[in-house]
Student: 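Have a look at the structure that comes next, please.
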Amino acid sequence: MTDHEEPDDEQLDDGLELAAHPLTAARLEKLEAVRSGGRDPYPVGFEREHTAADVRDRHGELEPGATTGDIVTVAGRIMLHRSFGKLVFLTIEDHTGRIQLFASKGDLDEALFELIEASDVGDWVGATGEVITTRKGELSVRVESFTPLAKGLRPLPDKWHGLSDIETRSRNRYVDLIVNPEARKIAVTRAVIISELRRQFENRGFIEVETPVLLAEAGGALAKPFETHHNALGLDMYLRIATELHLKRLIVGGLEKVFEIGRIFRNEGIDSTHNPEFTMLESYEALADYNDVMAMVESVFASVAEHIHGSTDVAYQDQIIGFDAPFRRATMLELVNDALVETVSYETPVAELRAIAERVGVKVMGTFGPGKLIAEIFEAVAESKIVQPTFVTEHPIETSPLARRHRDKDHVTERFELIICGSEYANGYSELNDPLDQRGRFEAQARARAGGEDETHPIDEDFLRALEYGMPPTGGLGIGVDRLVMLLTDQTHIREVILFPTLRPI
RNA sequence: GGGCCGCUAGCUCAACUGGCUAGAGCACUUGACUCUUAAUCAAUAGGUUCCGGGUUCGAGUCCCGGGCGGCCUACCA
């Protein structure tokens, strides 16, 4: 905040201009009443000594009407306010839960009691007093001193029905978090998942690095980038669509085991599983191959599931997803042939594959070769049927421009995708480290682009130059973190696991 | 992108095929109350019915355009 940002009418007037609206005008008056009573309505800090959970832990089971002699100091937001003539019950909430404040007119001087009486749901307050239970047995803090900590000028949503409109919840996430415990729980679980992922990689000897978001060329994936401009350089730039090419440069540089948990930006549609900015974990390990990476993925997913749920069985919607290793493994071709009545291979005439692809609803373009056709057929007929964690392996060379050719088989790469409930959760391969092959793959992509395909990989000369210094055999991995959070928090919409999802401004 | 649906008080929701001054609960304001648990009771107040046009004696409701969102669908993770 800079000192010239004076609040003006423009900033306050968002349909609920504070002084003009009766709901907020009343709270503004109370704010002034606090000030005129000689108190700062927004004081500096507060020495909270006990959380709601602390109080509950220390006095779990007390008889109604009990006194403890235990003096505590708590702070939180008022969530419920029940006022009698000479008694006030306030239910306050902190990040650990709720605790009741019990204020009796007989205990307090008149001005302080009136201050408590005039406090509103939504205000932050602190209080000190003895832990007691009321006659009805509710654990409470019998208020001896009381400090307004921050006035809530806007009313909270209905205390019973809460805030349910998904758009309002997404646009006003702060309100959602105040009133919906589930929203807070997801935010916390996301943090725990990312922390656990980081720990898993660190424990395996990976170091966490940061690579650029702003790039002159966006590669490492087949996706449309966001464009921006650097004024001083006079340069059009792109936001990254993957971290892959930079992380592999670090492998060339000898860092050997690196990972990055970072924001990725793709200029594509928004729906229940896609946000324009999302979080990807990528890792690269020198001297590993895709089998090593698959083994690591099994272990990491099982560990994270266990860490969150205490079990490798995770309930997702109506399914139980089992994360016990090993996961099922099947080649893309096997899965395609399981789903089709005929049997195909990469030797099948293109005309035949094209006919099958069109039959199953693929929009076929003239540039599609056998590999692309088989990959499209896979996505059309097989992918959505996979429920339990499955490594789909041996993707065609055509659709995997950064993956190594299979050591024994023609046409396919040493690649896998981890599919769960029809969606991709991880993608990895034995990295292509032959710079001449890599150049040829890039050129094939350029030909596809010239043929009209819009999602192709650009030629990155500096990346090729890095490979020319010699990249060791490397196993690489990408994990869609948001998707994993959705899976482990049982959410069907990505906006529920991203605190501030991309929305059109109103 | 295409199709379907939605938007009413701060929040959650009503308002029949177009028809009395657009209602209710919670929240707010005022009053009563020393044991509440979504406190209760009483009274008051609160509206650009998303926005802009149109049809009509009359529009929250019907028509046209726009905004934002949801669901389904296609593509990317």
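In what follows, every chain begins at residue 1, and chains take the letters A, B, ... in the order their sequences are listed. Values below: every heavy atom of this structure, side chains too, minus hydrogens, waters and symmetry copies.
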Student: May I ask you to say what A/Lys363 touches in the nucleic acid, namely base, sugar-phosphate or nothing, with a heavy-atom cut-off under 4.0 Å?
Tutor: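 Here A/Lys363 touches the backbone only, sparing every base.
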Student: Looking at every strand, decide which applies to A/Asn275 at a 4.0 Å heavy-atom threshold: base, sugar-phosphate, or nothing.
Tutor: base
Student: Remember a base hit wins even if backbone is also touched, and classify A/Tyr425 as base, sugar-phosphate or nothing at under 4.0 Å, heavy atoms.
Tutor: nothing
Student: Just checking A/Ile264: base, sugar-phosphate only, or nothing, at a heavy-atom cut-off of under 4.0 Å?
Tutor: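 Answer is nothing: A/Ile264 stays at 4.0 Å or more from every strand.
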Student: Between the base of B/G69 and the side chain of A/Asp165, is there a donor-acceptor distance below 3.5 Å?
Tutor: no
Student: Using a heavy-atom cut-off of 4.0 Å across all strands, would you classify A/Arg495 as base, sugar-phosphate, or nothing?
Tutor: sugar-phosphate
Student: Under 4.0 Å, counting only non-hydrogen atoms across every strand here, what does A/Glu138 touch: a base, just sugar-phosphate, or nothing?
Tutor: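 Base contact.
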Student: Mapping A/Thr273 and A/Pro505 onto RNA chain B by nearest heavy atom, which one lands closer to the 5' end?
Tutor: A/Pro505
Student: Should the ring pair A/Phe301 and A/Phe323 be called parallel, tilted or perpendicular, given that the plane angle runs from 0 to 90° and is split at 30 and 60?
Tutor: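 Judged by the thresholds at 30° and 60°, the geometry between A/Phe301 and A/Phe323 is tilted.
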Student: Could you check whether A/Gly480 gets within reach of a base, just the sugar-phosphate, or nothing at all, counting any heavy atom under 4.0 Å?
Tutor: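 Contact class for A/Gly480: none.
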Student: Before giving the answer on side chain to side chain donor-acceptor pair (under 3.5 Å), spell out for A/Thr456 and A/Gln445 the whole-Å C-alpha distance, their side-chain angles and the decisive distance to 0.1 Å.
Tutor: CA-CA 6 Å; A/Thr456 59; A/Gln445 289 287 310; 4.7 Å; no
Student: Under a 4.0 Å N-O cut-off, is there an ion pair linking A/Arg77 with A/Glu93?
Tutor: no
Student: Using a cut-off of 4.0 Å on non-hydrogen atoms, how would the nucleic acid contact of A/Pro64 be classed: base, sugar-phosphate, or nothing?
Tutor: nothing
Student: Who does B/G58 pair with, Watson-Crick or G-U, both distances under 3.5 Å?
Tutor: none
Student: Would you indicate what A/Ser423 reaches in the nucleic acid, counting non-hydrogen atoms under 4.0 angstrom: base, sugar-phosphate, or nothing?
Tutor: nothing
Student: When both hydrogen-bonding distances must be under 3.5 Å and the geometry is Watson-Crick or G-U wobble, what is B/A45 paired with, if anything?
Tutor: none
Student: Is it true that atom CD of A/Gln317 has more than 12 heavy atoms of other residues, nucleotides or ligands lying nearer than 6.0 Å?
Tutor: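 Enclosed.
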Student: Under the 3.5 Å rule, do the base of B/C75 and the side chain of A/Asp271 count as making a donor-acceptor pair?
Tutor: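 Side chain to base: pair present.
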Student: In whole Å, measure the gap between the P atoms of B/G2 and B/A39 for me.
Tutor: 48 Å
Student: Would you indicate which nucleotide in B/C11, B/C28, B/U34 comes nearest to any side-chain atom of A/Ser104?
Tutor: B/U34
Student: Determine whether A/Ser400 and A/Arg415 satisfy the following criterion, side chain to side chain donor-acceptor pair (under 3.5 Å), listing intermediate values before the conclusion.
Tutor: CA-CA 8 Å; A/Ser400 309; A/Arg415 179 177 177 188; 2.8 Å; yes
Student: How far, in whole Å, is B/C68 from B/C57 if one measures between their P atoms?
Tutor: 35 Å
Student: With both distances under 3.5 angstrom, what nucleotide forms a Watson-Crick or G-U wobble pair with B/G18?
Tutor: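 Result: none.
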Student: Is A/Gly162 touching bases, backbone alone, or none of the nucleic acid, heavy atoms closer than 4.0 Å?
Tutor: sugar-phosphate
Student: Whether A/Ser164 contacts B/U12 is assessed here as follows: a side-chain N or O lying under 4.0 Å from the phosphate OP1 or OP2. Is that the case?
Tutor: yes
Student: At under 4.0 Å between heavy atoms, what does A/Arg266 touch on the DNA or RNA strands: base, sugar-phosphate, or nothing?
Tutor: base
Student: May I ask you to say what A/Arg142 touches in the nucleic acid, namely base, sugar-phosphate or nothing, with a heavy-atom cut-off under 4.0 Å?
Tutor: nothing
Student: Hey, are A/Arg240 and A/Thr211 close enough side-chain-wise for a donor-acceptor pair under 3.5 Å?
Tutor: yes
Student: When all nucleic acid strands are considered with a 4.0 Å heavy-atom cut-off, which category describes A/Glu379: base, sugar-phosphate, or nothing?
Tutor: sugar-phosphate
